[in-house]
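Remarks on the structure that follows.
Below, each value reflects all heavy atoms present in this structure, side chains not excepted, and no hydrogens, waters or symmetry copies. Sequence lines set the chain letters: A, B, ... in the order given, protein chains first and strands last, and positions in each chain run from 1.
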2 protein chains.
Amino acid sequence: MAKTAQTRARILDAALALFNERGTAAVSTNHVAAAAGLSPGNLYYHYADKQEIIRALHHRYAAAHEALWGTGGGQRASLARLRENLARSMELSWQYRFLERELVALLRADELLAAAHRAAYQRRLSQWVAFGEQLADDGLIRRPAPPVTIADLATTAWLIGTGWLPFLEITGDPHDPVQVARAGDLVRAVLAPYLDRTAWEEES
Amino acid sequence: MAKTAQTRARILDAALALFNERGTAAVSTNHVAAAAGLSPGNLYYHYADKQEIIRALHHRYAAAHEALWGTGGGQRASLARLRENLARSMELSWQYRFLERELVALLRADELLAAAHRAAYQRRLSQWVAFGEQLADDGLIRRPAPPVTIADLATTAWLIGTGWLPFLEITGDPHDPVQVARAGDLVRAVLAPYLDRTAWEEES
DNA sequence: GTCTATATCGCGATAGAC
DNA sequence: GTCTATCGCGATATAGAC
């Protein structure tokens with residue numbers, strides 16, 4: 001039983017590395033088995049097929065993301081926490097970058113994955129909006145003038161967060177920390193009109 | 001000769017429909033040939049392989065996009081043109097949605113495609129920045145306070161433009177015009193602090 | 001749990017007739 | 001230019017021994 005869990009983890013780790021490197025389409029169950037040090041047949045004892053492996057990886061990924069932005073320990077929103085969590089989110093996205101790259105295509109090919117993702121996604125976006133509302137309630141950002149809403153800003157920040165890594169993969173070095181950090185700069189640029197001039201830098 | 005061009009176009013149209021519907025991974029050259037009304041062998045007379053078909057589709061897509069934002073006819077930037085072009089860009093992205101979904105993965109699998117895309121991409125993003133600079137020069141938007149730049153705003157708008165359709169594919173109906181138009185609303189939200197209160201609505 | 005062996009399938013690609 | 005026929009390959013998935 002413990003052995004099973006361990007072997008399953010080994011399969012996931014091997015698959016993650018291969019998927020990130022070559023993309024899910026170019027990686028077969030045989031490749032994963034070989035990389036994990038298993039026979040082709042044995043892999044099927046642990047996972048029914050490639051899609052099930054992808055679903056398991058997605059589960060790990062979504063859980064890690066949610067832990068980051070959740071209200072664990074009653075932590076209050078702050079600009080410092082926003083900056084830090086953005087950086088950690090980007091790091092997570094890098095670790096599971098095959099998902100960031102292929103997500104929409106993968107969801108179309110697997111209804112189970114799509115359902116799981118939709119649920120996680122909605123929880124997570126509302127975490128972002130709640131975070132923004134807290135910032136406004138605590139006077140750390142000004143509220144935008146209608147018709148612009150906090151939700152608009154949160155959605156924009158979301159699109160920056162999910163789009164930045166793919167953007168870098170096309171234009172530059174996606175794992176240069178300096179480049180990755182520019183996602184944070186863009187979010188600041190969007191929030192700048194609602195911040196006191198030095199608030200972003202000060203509160204670090 | 002004319003016949004060849006016609007057949008090639010038929011192949012591309014059939015491939016585009018299938019790619020959009022099922023994704024490139026699930027579509028074989030045989031499927032494309034059948035959908036185009038050709039024998040499997042005949043397809044190879046016109047295109048060497050699936051990647052070459054994808055490259056041809058990408059070429060059509062990139063050309064259409066560039067025509068939209070180019071300085072054709074010496075048209076000057078305006079908020080009205082920004083709104084209109086955004087809407088048309090989204091429509092184009094919808095027509096070639098398989099590219100929006102799979103682009104990063106496809107580029108990693110095809111060095112030729114990656115090179116072509118990088119070139120088109122850079123031209124296009126600088127078109128956006130130039131567009132923003134024109135708006136500022138003509139007093140249609142205020143310039144942001146440093147360190148925020150026009151390029152930051154253009155990049156953010158870019159991320160909204162490329163990220164919105166995938167976002168909708170996960171959360172809602174990606175071809176409901178009302179939904180698609182919300183990409184424009186988000187761009188307006190980002191620009192709002194730099195616009196006079198009614199400028200966006202007025203100039204339509 | 002893990003292995004080896006194997007069955008089935010469909011894709012990519014080419015040859016050669018018309 | 002278009003077809004039919006076909007080969008080789010590798011992927012998925014299962015069976016059965018250990």
Hey, what are the protein-to-nucleotides 2-6 of chain C N/O distances that come in under 3.5 Å?
| residue | atom | partner | partner atom | Å |
| --- | --- | --- | --- | --- |
| C/dT2 | OP2 | A/His46 | NE2 | 2.8 |
| C/dT2 | O5' | A/Asn42 | ND2 | 3.1 |
| C/dC3 | OP2 | A/Ser39 | N | 2.8 |
| C/dC3 | OP2 | A/Ser39 | OG | 3.0 |
| C/dC3 | OP2 | A/Asn42 | ND2 | 3.1 |

note: A/Tyr47, atom OH; D/dT14, atom P; distance rounded to Å ~ 18 Å

Starting at CD1 of A/Ile53 and ending at P of D/dA11, how long is that distance when rounded to a whole Å?
14 Å

Give the ring-plane orientation class for [X] versus [Y], where under 30° counts as parallel, over 60° as perpendicular and anything between as tilted.
{"X": "A/Phe167", "Y": "A/Trp164", "answer": "parallel"}
{"X": "B/Tyr61", "Y": "B/Tyr96", "answer": "tilted"}
{"X": "B/Phe131", "Y": "B/Trp69", "answer": "perpendicular"}

Residue of the set A/Arg123, A/Arg124, A/Arg60 for which salt bridge (charged side-chain N to carboxylate O under 4.0 Å, His left out) holds with A/Glu66
A/Arg123

Under the ring pair (Phe, Tyr, Trp, His ring centres under 6.0 Å) rule, what pairs show up with a residue in residues 6-52 of chain A, not counting sequence neighbours?
A/Phe19-A/Phe98

Are B/Arg108 and A/Glu102 close enough for a salt bridge, meaning some N to O gap below 4.0 Å?
no

Test your reading of the model: is there a side-chain donor-acceptor pair from B/Asp138 to the backbone of B/Leu140, 3.5 Å cut-off?
no

Could you run down the sub-3.5 Å N/O contacts of the protein with nucleotides 7-12 of chain C?
| residue | atom | partner | partner atom | Å |
| --- | --- | --- | --- | --- |
| C/dC11 | OP1 | B/His31 | NE2 | 3.3 |
| C/dC11 | O5' | B/Ser28 | OG | 3.4 |
| C/dG12 | OP2 | B/Thr29 | N | 2.9 |
| C/dG12 | OP2 | B/Thr29 | OG1 | 2.8 |

What do the steps show when you test B/Asp110 against B/Lys50 for salt bridge (Lys or Arg N to Asp or Glu O under 4.0 Å), and what is the final call?
CA-CA 11 Å; B/Asp110 184 345; B/Lys50 198 163 76 176; over 6 Å; no

Contacts under 3.5 Å, N or O only, protein and nucleotides 16-18 of chain D:
none

Under the side chain to side chain donor-acceptor pair (under 3.5 Å) test, which residues partner B/Asp185, sequence neighbours left out?
none

For A/Glu84, give me all partners under salt bridge (Lys or Arg N to Asp or Glu O under 4.0 Å), at least two apart in sequence or on another chain.
A/Arg88

